[in-house]
Structure formats: C-alpha cells, structure tokens
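In what follows, a structure is listed as structure tokens, so that the remarks can point back to it.
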Protein chains: 2
Amino acid sequence: MLRQTGNQSAAGPGSQRAPSSVPSIAPLFDSIELAGVTMSFDGNVEIFGEGEPADYIYKVLNGSVRTYRVLTDGRRQITAFHLPGDVFGLESAEDHSCSAEAISQAIVLVVKRSALLAAADREANVARQLWRVTARALRQSQDHSMLLVKSAQERVASFLLEMAGRLSGASAVELPMTRQDIADYLGLTIETVSRTLTQLQGAATIELPASRRIVLRNRSALNRLDS
Amino acid sequence: MLRQTGNQSAAGPGSQRAPSSVPSIAPLFDSIELAGVTMSFDGNVEIFGEGEPADYIYKVLNGSVRTYRVLTDGRRQITAFHLPGDVFGLESAEDHSCSAEAISQAIVLVVKRSALLAAADREANVARQLWRVTARALRQSQDHSMLLVKSAQERVASFLLEMAGRLSGASAVELPMTRQDIADYLGLTIETVSRTLTQLQGAATIELPASRRIVLRNRSALNRLDS
DNA sequence: CGTGCATTTGACGGGGCTCAATCGCCGTGG
DNA sequence: CCACGGCGATTGAGCCCCGTCAAATGCACG
C-alpha cells in the first residue's frame with residue numbers, strides 16, 4: 001500500500017508512484033488512458049492551496065476531503081465535502097479558488113490538468129464528461145447556498161440528510177468530519193451544531209451513540225425541518 | 001425592435017424571431033453559427049422555471065435577470081444576478097435547478113441546448129468555452145456562499161463592491177434591482193438592508209441620491225468591511 | 001492514572017428578524 | 001394644479017436565535 005504523508009501543499013504527483021494501472025470507474029476518468037497517479041494524504045494535510053496553480057484535477061478514491069476558503073479575519077468556510085467517487089479541483093482559471101485538505105487519511109487519484117484538457121480536445125466524450133462534472137458541482141454549490149440562509153435546525157437537518165444520502169444511504173451515518181468541520185460547512189458555531197444535535201436527540205429524531213455516529217430515527221421529521 | 005412580453009415560463013423561442021444575424025460577441029456564442037434567437041421579457045416575467053426541461057441556454061444582451069430558488073416555506077433565495085454579457089441557464093441535468101426572471105425589461109439571446117452540445121461535440125473550442133463559462137459560474141456561486149456567512153454590514157459592502165465592479169466599474173452605481181431582490185440575494189431582510197445602507201451613508205462611506213442610485217464615497221472603507 | 005483534545009452544556013449579550021407605522025416618489029384623475 | 005392612492009423604502013420598538021465566553025464532561029492514548 002502506497003502512502004505519501006506530510007506532503008504539504010502544491011501537491012503534484014511526487015516521488016511515490018501508483019502501481020501503474022488503476023481501475024478507474026468514474027465516467028470522467030475512464031475511456032481515456034489518463035492513468036493518473038494515486039497519492040495518499042494523512043488527515044489535516046493540505047492537498048492544494050488557494051491561489052496555487054491548478055495543474056492537477058483530483059478524484060477521491062478513499063477517505064474524504066474538504067475544500068474551503070479562509071476570510072481575511074480567519075474565519076473558514078468549507079465549500080464542499082468530497083467523498084469517494086467525487087471529483088474536485090476543477091477550475092477553469094489558472095489558480096485554485098480554494099484550498100483542499102484530507103479530513104482523515106485519504107487516497108486520491110491525481111490527473112494532470114493539461115492532459116485532461118488535451119484529451120477533451122481530442123475526444124468529445126471526455127469534454128462532455130468534464131462539463132457534466134463541473135455543472136454538477138455548480139448545482140451542489142447552489143444547494144449549499146440554500147443551506148446557508150436557513151435556521152440552525154434546518155441547516156443541521158439538511159446536512160444530516162445529505163450525508164446519509166451520500167454515505168451508504170442507510171439511516172446510520174458514520175461522519176468523517178469533526179464538529180468544527182460541520183460548523184464551518186453550515187456557517188454556524190460548534191456550540192450551535194452540538195446543541196442542535198442534542199436537541200434533535202431529545203426530540204427522538206436522531207440518536208447519537210458516539211459523537212461521530214448518528215442514527216436517523218425519524219427521517220420525515222428531518223425532511224420537515226429541511227423545508 | 002422586437003418585443004416579446006408576457007411570455008410566461010418554459011420560454012423557447014416563440015413566434016417573434018430575431019432579424020436573423022445577431023452580432024454575437026460572447027466567446028461562447030461566436031465561432032459557431034448558432035445564430036440564436038433574441039427575445040424580450042418585461043420586468044418580473046419568468047424566463048424559465050425550476051424543474052422545467054432545460055432545452056435552451058441564455059445570454060443577457062440588455063437589461064438584467066435574476067435566477068432564484070424558492071424554499072418550501074416560500075422564502076426566495078436569489079442565486080445570481082445576470083447582467084449584459086452573462087450566460088445563464090447552463091445545466092448538465094435535464095431540468096433547470098432554478099427559475100429565471102427578468103428584473104426590468106431584458107433582451108436575451110436564446111440558443112438551443114441540443115445545438116450547442118452538438119457544436120461542442122464537433123468543435124473542441126466550443127466545448128472548452130462551455131466548460132469555462134460553467135466553471136466561472138461555479139466560482140461565482142462559491143463567492144456567493146462566502147457572502148452568506150458574513151455579517152450584514154459585510155454582505156452589503158461586498159454586494160456594493162461586486163455591483164460597482166460589474167456595472168461600469170465607476171463609483172456611481174445605478175442598481176437594477178429592488179431592496180427585496182438585494183435582501184433575497186444576501187440572505188437578509190429588506191429592513192436590515194435598508195438600515196445598513198443608511199448606516200453606511202451616515203458613516204460617509206456611500207451616498208444615496210435615490211433609492212436605486214448609490215455612490216461609493218469611500219471604497220477602502222467598503223473593502224475593509226468586505227473582510 | 002494523567003494529559004490533551006473534541007464535544008457538550010451553561011449563562012449572557014447582541015445582531016438581525018418581526019411587526020408596525022411613516023415617509024417619499026410617481027402616476028392618475030378630478 | 002393639487003388630491004389621492006399605491007408601492008417601495010425607511011424608521012422604530014421589541015424580541016429571539018445564535019454567537020461569545022467559560023466551564024465541565026467524555027474519550028483516546030501514553
């Protein structure tokens with residue numbers, strides 16, 4: 001198993017190379033022999049930084065990744081969580097508009113942007129996939145904007161439903177991220193997130209066997225809050 | 001001058017056709033003879049609705065357009081304002097993820113989605129432009145998300161700077177939208193928007209000769225608030 | 001068992017929302 | 001020319017949700 005840790009920022013494929021052929025399943029990365037390189041990042045290690053040249057495009061194979069921006073006063077806003085199968089880092093501009101960090105240990109497929117764009121020029125199918133993935137990210141970003149204007153209860157309920165849908169789809173969720181991550185994603189404080197969760201637990205809407213583990217007891221109540 | 005008003009929703013090019021050749025300047029729409037159709041919409045008239053099939057892609061030639069979503073409880077969140085030159089309605093999915101309305105009278109270039117996608121399949125250059133425009137919209141959506149976690153003062157300051165940059169770039173701005181539009185864009189109430197503006201006027205940061213007209217007196221103070 | 005970090009819980013204050021009244025602008029008609 | 005009505009915008013009063021500050025609890029690891 002390959003492992004590349006402590007690799008700070010501006011992560012192009014470094015010394016460790018993947019065992020050549022990676023069975024890429026994603027629509028964007030198959031049909032082309034872009035055979036990227038896989039890299040592994042420890043938790044809280046930067047994958048790329050805001051403002052850095054966007055020379056690579058990434059796909060989560062394992063683990064989870066957060067992309068975020070930092071305001072001048074230090075507040076951090078997480079723009080998206082990326083789970084296995086998700087593509088991130090697609091920028092049309094030269095530079096990344098946000099930073100990316102592994103949440104816990106994550107294995108990521110890395111593809112040279114120039115190679116992908118060249119392939120897109122050659123094969124219309126690749127170009128179409130590239131556009132679809134970007135358009136889907138746009139829709140998700142808009143979904144996220146909708147979150148940010150709701151009440152704390154609505155934001156937390158929406159978040160739980162989103163995560164339950166993306167991780168397993170079952171009613172038991174093993175969250176990969178901390179309360180601080182959740183708070184920065186929802187535009188709340190950790191205290192408000194925590195209080196809202198215990199409040200939902202008190203209403204028998206959810207159950208909290210462990211801080212990272214959440215069981216959805218009453219999905220319709222959550223959907224009602226989702227508004 | 002062509003004019004097509006009261007055209008409710010699901011707006012495909014209707015009976016009125018443009019005087020054939022439209023000098024399209026936008027990167028996305030030139031280099032192809034997609035010679036779309038221009039349509040005119042009165043203020044507050046729907047151009048397309050959320051959930052409707054996304055059969056067309058649009059570009060503002062004149063006037064301004066808002067795209068928005070409505071939450072189940074009736075709250076409206078404006079996702080973006082589209083000014084002359086802006087492209088909107090690009091969806092990879094079959095259906096529109098939001099609704100679009102003209103703010104005041106607006107003239108819009110309409111291009112069949114299938115034609116644009118076919119052209120993208122034939123010409124790599126078109127495909128690249130399509131991707132670039134979508135990626136830029138993604139970045140703008142993320143910028144918008146950053147707005148929504150700031151304080152009221154910061155949101156209004158950011159909004160004024162954004163609009164000043166997009167309309168003219170000068171320090172005098174003639175806003176096309178109402179206070180309600182601004183509030184729904186910033187995730188605030190009209191009262192808070194209004195109070196914040198008068199507050200900024202009191203601090204000699206801006207001037208309000210008319211409710212729609214705003215003069216930026218102290219740009220650096222606004223930048224400081226923008227945080 | 002002790003240390004460190006994440007999470008929870010509590011008390012309190014303030015920023016923005018709600019409800020309501022007033023103002024200002026503009027078009028219409030007497 | 002002015003009165004009136006309608007609508008958008010402003011202003012005021014009160015309250016509540018959520019942020020802030022602080023302390024306690026739980027949990028993993030040495």
Side-chain angles (χ1 to χ4, degrees), chain A residues 42-44 66 71 73-78 103-105 147-160 173-203 206-214 225 227, chain B residues 42-44 66 71 73-78 103-104 147-160 173-203 206-215 225 227:
Chain A
D42 275 353
N44 300 317
R66 57 177 172 254
L71 295 176
D73 63 0
R75 277 174 297 177
R76 180 184 68 161
Q77 175 62 27
I78 292 181
I103 294 180
S104 52
Q105 225 229 10
L147 266 193
L148 298 178
V149 298
K150 300 182 185 178
S151 72
Q153 272 209 351
E154 292 169 331
R155 294 189 213 193
V156 172
S158 302
F159 170 75
L160 293 177
V173 188
E174 191 74 35
L175 295 176
M177 71 286 287
T178 68
R179 293 283 187 273
Q180 187 65 59
D181 287 333
I182 300 173
D184 290 350
Y185 179 67
L186 298 180
L188 299 171
T189 61
I190 49 174
E191 294 94 332
T192 299
V193 170
S194 182
R195 268 187 266 267
T196 305
L197 285 173
T198 57
Q199 186 179 336
L200 288 174
Q201 189 179 28
I206 64 172
E207 222 170 301
L208 292 160
S211 71
R212 297 291 187 96
R213 182 164 191 78
I214 297 184
L225 282 177
S227 99
Chain B
D42 276 351
N44 300 316
R66 57 176 172 254
L71 295 175
D73 63 1
R75 277 174 297 178
R76 180 185 70 162
Q77 174 63 24
I78 292 181
I103 293 180
S104 53
L147 267 194
L148 298 179
V149 297
K150 300 182 185 178
S151 71
Q153 272 209 353
E154 293 169 329
R155 295 188 213 194
V156 172
S158 302
F159 170 75
L160 293 178
V173 188
E174 190 74 35
L175 296 176
M177 71 286 288
T178 68
R179 293 284 187 274
Q180 187 64 59
D181 287 333
I182 299 173
D184 289 350
Y185 180 68
L186 298 180
L188 299 171
T189 61
I190 48 173
E191 293 94 332
T192 299
V193 171
S194 182
R195 270 188 263 267
T196 305
L197 286 174
T198 57
Q199 188 179 333
L200 288 174
Q201 189 180 28
I206 63 171
E207 223 169 300
L208 293 161
S211 70
R212 297 290 188 96
R213 181 163 192 79
I214 296 184
V215 181
L225 282 177
S227 98

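Source: prediction; values computed, not measured. Residue numbers start from 1 in every chain, and the chains themselves are labelled A, B, ... in the order their sequence lines are given, proteins ahead of strands.
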(request) Tell me yes or no: between the side chains of B/Gln201 and B/Thr198, is some donor less than 3.5 Å from an acceptor? (result)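 No donor-acceptor contact under 3.5 Å links the two side chains.
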(request) Would you kindly say whether B/Ser151 and B/Glu154 are connected by a side-chain donor-acceptor distance under 3.5 Å? (result)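 A pair is found: one side chain offers a donor N or O, the other an acceptor, under 3.5 Å apart.
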Looking at [N], I'd like to know if its phosphate oxygens (OP1 or OP2) sit under 4.0 Å from a side-chain N or O belonging to [X].
X	N	answer
A/Arg195	D/dC17	no
A/Thr198	C/dT9	yes
B/Arg212	C/dC25	no
A/Thr192	D/dG19	yes

Rounded distance (Å) that lies between atom [atom2] of [N] and atom [atom1] of [X]:
X	N	atom1	atom2	result
B/Gln180	D/dC7	CD	P	15 Å
A/Ile190	D/dC18	CD1	P	16 Å
B/Arg213	C/dC25	CZ	P	16 Å
A/Gln153	D/dC18	CD	P	8 Å
B/Arg179	D/dT11	CZ	C1'	14 Å
A/Leu188	D/dC17	CG	C1'	11 Å
A/Asp184	C/dA6	CG	P	13 Å
B/Gln199	D/dT11	CD	C1'	13 Å

(request) Could you point out which residue of B/Ile190, B/Leu175, B/Ile78 forms a side-chain contact (heavy atoms from CB on, under 4.5 Å) with B/Asp181? (result)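 Single pass found, and it is B/Ile78.
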Among [options], which is the nearest nucleotide to the side chain of [X]?
X	options	result
A/Ser211	C/dG16, C/dT7, C/dC17	C/dT7
A/Thr189	D/dG19, C/dC17, C/dT7	D/dG19
A/Ser194	C/dT7, D/dC18, C/dC17	C/dT7
A/Glu191	D/dG19, D/dA9, C/dG10	C/dG10

(request) Apply salt bridge (charged side-chain N to carboxylate O under 4.0 Å, His left out) to the pair A/Asp73 and B/Lys150, showing each step before the final yes or no. (result) CA-CA 11 Å; A/Asp73 63 0; B/Lys150 300 182 185 178; over 6 Å; no
(request) Have a look at B/Leu197 and say if it touches a base, only the backbone sugar-phosphate, or nothing, with a 4.0 Å heavy-atom cut-off. (result)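 The answer is nothing, as B/Leu197 stays clear of every strand by at least 4.0 Å.
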(message) Main chain of A/Leu186, side chain of A/Arg155: is a donor-acceptor contact present, judged purely on distance under 3.5 Å?
(response)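 Checking the backbone N and O of A/Leu186 against the side chain of A/Arg155, a donor-acceptor pair under 3.5 Å is found.
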